[in-house]
Amino acid sequence: DTSLAEVNSFSPSMPISPSSMINQYKFEDEPELRDLFITVDDPESHITAIETFITYRVVTKTSRGEFDSSEYEVRRRYQDFLWLKTKLEEAHPTLIIPPLPEKFIMKGMVERFSDEFIETRRKALHKFLNRIADHPTLTFNEDFKIFLTAQAWELSSHKKQGPGLLSRMGQTVRAVASSVRGGVKNRPEMFTEMNDYMETFSQKINVLDKIAHRIYKEEREYFNEMKEYGPIHTLWSASEEDIADSLKGVASCIDKCCKATEKRMAGLSENLLPILHEYVLYSEILMGVLKRRDQIQGELESKVDALANRKTEKDLFSEEIGKLEDKVECANNALKADWDRWKQNMQCDMRSTFTNVAENNLRYYEECLATWESFLASQAVDLHVEEDSEDRP
Amino acid sequence: MEDCLAKKMEITVSEAEKRTGRNAMNMQETYTAYLIETRAVESQSEGQCAPVDSLWRRYSEFELLRNYLSVTYPHIVVPPLPEKRADFVWHKLSADNMDPDFVERRRIGLENFLLRVASHPVLCQDKIFYSFLTQEGGWKEMVNETGFQLKADSRLKALNATFRVKNPDKRFTELKHYSDELQSVISHLLRVRARVADWLYGVYKVHGNYGRVFSEWSAIEKEMGDGLQSAGHHMDVYAASIDDILEEEEHYADQLKEYLFYAEALRAVCRKHELMQYDLEMAAQDLTSKKQQCEELATGTMRTFSLKGMTSKLFGQETPEQREAKIKVLEEQIQEGEEQLKSKNLEGRDFVKSAWADIERFKEQKNHDLKEALISYAVMQISMCKKGIQVWTNAKECFSKM
């Protein structure tokens, strides 16, 4: 159904309870200390003359003073999220901004709005906003507040304000200049270490992402074959008498294991795959953050070089350099703190995700074990009955 | 089965060896020879170790033995041989006849065949079978001297030829139908099982990649490193465990395959009966028409149209002497025919009786064996689940320490 004649909902409104939010992601901050609760749900499609797009409902509940009200409900589209991310990057170039789901997965226009795609995106957007809310600095960002609270027209008009394009161009020019210069001369050891770490981490996380997808694919094919496997035994039982029960028993076991496999697959696609994907995105983000820090230092260094060649206006330059030195120190400190925080969260996420994978597999094997053991028990009963009847004269 | 050979003699196919030799067309060929070892059981109970006799046989000789048994005992469901070529393979298994795993499974299959024959109340008493086990040289000549090939009805080779039997025995018709169904369902099952095995293999083996990546990743982590490294090790264990699991499953597949081929043997007995019934009906029909001819000649009436009758009407009657001669010939033929029909009927009844006795025996054996096979399959699945639980419990512990 490619034409949507009216605004309609794709999935029933899923109010996400605080307890399920806690299960979805764990942060080092205690949930009880939170004073900002955000949910993203209720995707709706909108059709205009020019385009079709989806909006999501963003509900915010807060006890913070700076918010005029304690509850807000707004609708946002992907573009708006993208805008927010850009603004946060501009305001905090050396902070680690959480990853946004990709713009679209190239699979053709029709699938762009598949239920699965929309749900995956909704979950990712929900995580995005909540990670910002949990960030000690980003949570107080003004654009973030506006994103959560402004009505559609308010947001549009706000977006048009501000330095925007020119300042971004300025940044790009500086970036090019610093790379032309040949990079940073005196990068602190710590950031070189971070760079090396991120290069390896990025490699490994990408491979893990591929492995996880491959496992999912193999499991799905296994599941498809298993669906066919069980019924053959039932078919066979129709031509047998004595062993019909045993055959039906095996068929039933295989069918149950088949369902257990389906659950295991769902576990992968709901948990491991999204997390690994997020960290693939994170590795790109982190490489970007490290570059920007380098750029800021590069600015300082080129100004310092310029000063050395200058004969006049030395005081003015010294003042500028002082400002830049502050800028570099701020950037470095912000990044260092955020880096530590990111690493902690990453460790936490990886621990819980892979533990969850293990638990998923355990549940799967335990279910299958129970099924086959009960089948075996039923057969033993039959054997005893047979033996007894043979003893009788 | 008190007197069957299996109780008196230990039979094993203990070794397989690659050989090269020259075939009938004097061309070099490579084949596998199997060592058959036999030892009398009785002497063991006296505390002595009986000497082991052994001889080598190749697959074609087993085939010759089975053909002989099939022709000589048409009413018996003759145990099948293991497959000639590897079938129902999944990607890890080789379809090559010289592949050591295939040869090994065939060795087991051939031993199983010999044990089946040796435990059969009728077949175990066969002298050719006994010589197969004990007489190295001249066995082939001995078999051919029995002239069994002459007895073999070439019509049976045309598997799809139908004989229009007017009064089919309902039991045999049902049995043939059953054997067709059994063949169809078991081959379908084996095909899907092979595909399931393929994907299961994939799932396990891809997990092995985790091991390598975790290890490399752990090198850059301080706190997570140990947990990652040890978890990776468990993933390697998990990936490796599938090899043994699937090898065991191959033996289960072989058990099913035996009954896939047994279905053919069952069908063969039904076919033989069909053929016998057909011959019987043809003979009865022939006898009836001869009797009719005789009657016509004797009474001078022509009840049925016959070209001879017409020509004799057109070209003149026969002389009474000619007619007498014809009647006499016919009467002789009728007498012969009646005797033949009598003996064929007897043969038929005997066949049905002994065939049905063996079919009952086969049914019991089949039910017992298949039930055991299904139970062993369940046991295998349980073992696989337990291994999985162990590995993932260990992995979970490592992950939780990350």
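So that the names make sense, note that chain A is the first sequence line, chain B the second, and so on, each numbered from 1.
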Subject >> side chain to side chain contact (heavy atoms under 4.5 Å, CB included) partner of A:Thr355, chosen from B:Glu397, B:Lys396, B:Met402 >> reply: B:Lys396

Original post:
In terms of heavy-atom proximity below 4.5 Å to chain B, should A:Phe201 be classed as side chain, backbone, both, or neither?
Top reply: both

**OP:** For residues A:Ile243 and B:Asn367, report the shortest heavy-atom separation together with the two atoms involved.
**Re:** CG2-O, 3.5 Å

Original post:
Is it the side chain or the backbone of B:His177 that comes within 4.5 Å of chain A heavy atoms, both, or neither?
Top reply: neither

Original post:
Does B:Tyr377 have its ring centroid less than 6.0 Å away from the ring centroid of A:Trp372?
Top reply: yes

Original post:
About how many Å separate CD1 of A:Ile232 and CZ of B:Arg193, when rounded to the nearest 0.5 Å?
Top reply: 11.5 Å

Original post:
So how far is it from A:Leu247 CG to B:Leu370 CG, rounded to the nearest 0.5 Å?
Top reply: 7.5 Å

Subject >> Contact class of A:Cys253 relative to chain B, heavy atoms under 4.5 angstrom >> reply: neither

Subject >> Greatest number of heavy atom pairs closer than 4.5 Å to chain B - which of A:Asn224, A:Ile205, A:Asp196, A:Ile211 >> reply: A:Ile211

**OP:** Report the option among B:Val203, B:Val379, B:Val391, B:Ile186 that has the most heavy-atom pairs separated by less than 4.5 Å from atoms of chain A.
**Re:** B:Val203

**OP:** List the atom of B:Leu189, the atom of A:Tyr229, and the distance in Å for their closest heavy-atom pair.
**Re:** CD2-CE1, 4.0 Å

**OP:** Name the option with the most non-hydrogen atom pairs under 4.5 Å to chain A; the candidates are B:Gly388, B:Ser184, B:Gly227.
**Re:** B:Gly388

Original post:
So what's closer than 4.5 Å to chain A heavy atoms on B:Leu228: side chain, backbone, both or neither?
Top reply: neither

Original post:
So A:Glu221 and B:Arg195, salt bridge (Lys or Arg N to Asp or Glu O under 4.0 Å) or not? Walk me through it.
Top reply: CA-CA 9 Å; A:Glu221 298 295 342; B:Arg195 292 203 295 260; over 6 Å; no

Subject >> Approximate separation, where rounding is to 0.5 Å, of A:Cys348 SG and B:Met224 CE >> reply: 11.0 Å

Original post:
Of all of B:Leu374, B:Leu182, B:Ile220, which one pairs up most often with chain A through heavy atoms under 4.5 Å apart?
Top reply: B:Ile220

Subject >> Heavy-atom proximity to chain B below 4.5 Å, by part of A:Lys217 >> reply: neither

Original post:
By side-chain hydrogen bond (donor to acceptor under 3.5 Å, both in side chains), which residues pair with B:Asn394, not counting sequence neighbours?
Top reply: none

Original post:
Has B:Glu360 got more than 12 heavy atoms of other residues, nucleotides or ligands less than 6.0 Å from its CD?
Top reply: yes

Original post:
Using a cut-off of under 4.5 Å for heavy-atom pairs, which of A:Tyr364, A:Phe223, A:Phe375, A:Tyr222 has the most such pairs with chain B?
Top reply: A:Tyr222

**OP:** Could you tell me which portion of A:Ala212 (side chain, backbone, both or neither) has an atom closer than 4.5 angstrom to a non-hydrogen atom of chain B?
**Re:** both

Subject >> Verdict with supporting geometry, A:Arg351 and B:Glu223, salt bridge (Lys or Arg N to Asp or Glu O under 4.0 Å) >> reply: CA-CA 11 Å; A:Arg351 186 190 322 133; B:Glu223 286 137 32; over 6 Å; no

**OP:** Taking all heavy atoms of A:Glu225 and all of B:Val196, pick out the closest pair and write down the distance.
**Re:** CB-CG2, 3.6 Å

Original post:
So which part of B:Phe214 gets closer than 4.5 Å to some heavy atom of chain A, the side chain, the backbone, both or neither?
Top reply: side chain

Subject >> Closest non-hydrogen atom pair between A:Glu218 and B:Gly202, with its separation >> reply: OE1-CA, 3.2 Å

Original post:
Which pair of non-hydrogen atoms, one from A:Ala358 and one from B:Phe399, has the smallest distance, and what is that distance?
Top reply: CB-CD1, 4.1 Å

Subject >> A:Leu376 CG to B:Ile375 CD1 distance, which is reported to the nearest 0.5 Å >> reply: 6.5 Å

Original post:
Based on non-hydrogen pairs under 4.5 Å, which of A:Glu367, A:Glu359, A:Met226, A:Arg363 is most in contact with chain B?
Top reply: A:Glu359

Subject >> Portion of B:Lys205 that has a non-hydrogen atom of chain A nearer than 4.5 angstrom >> reply: neither

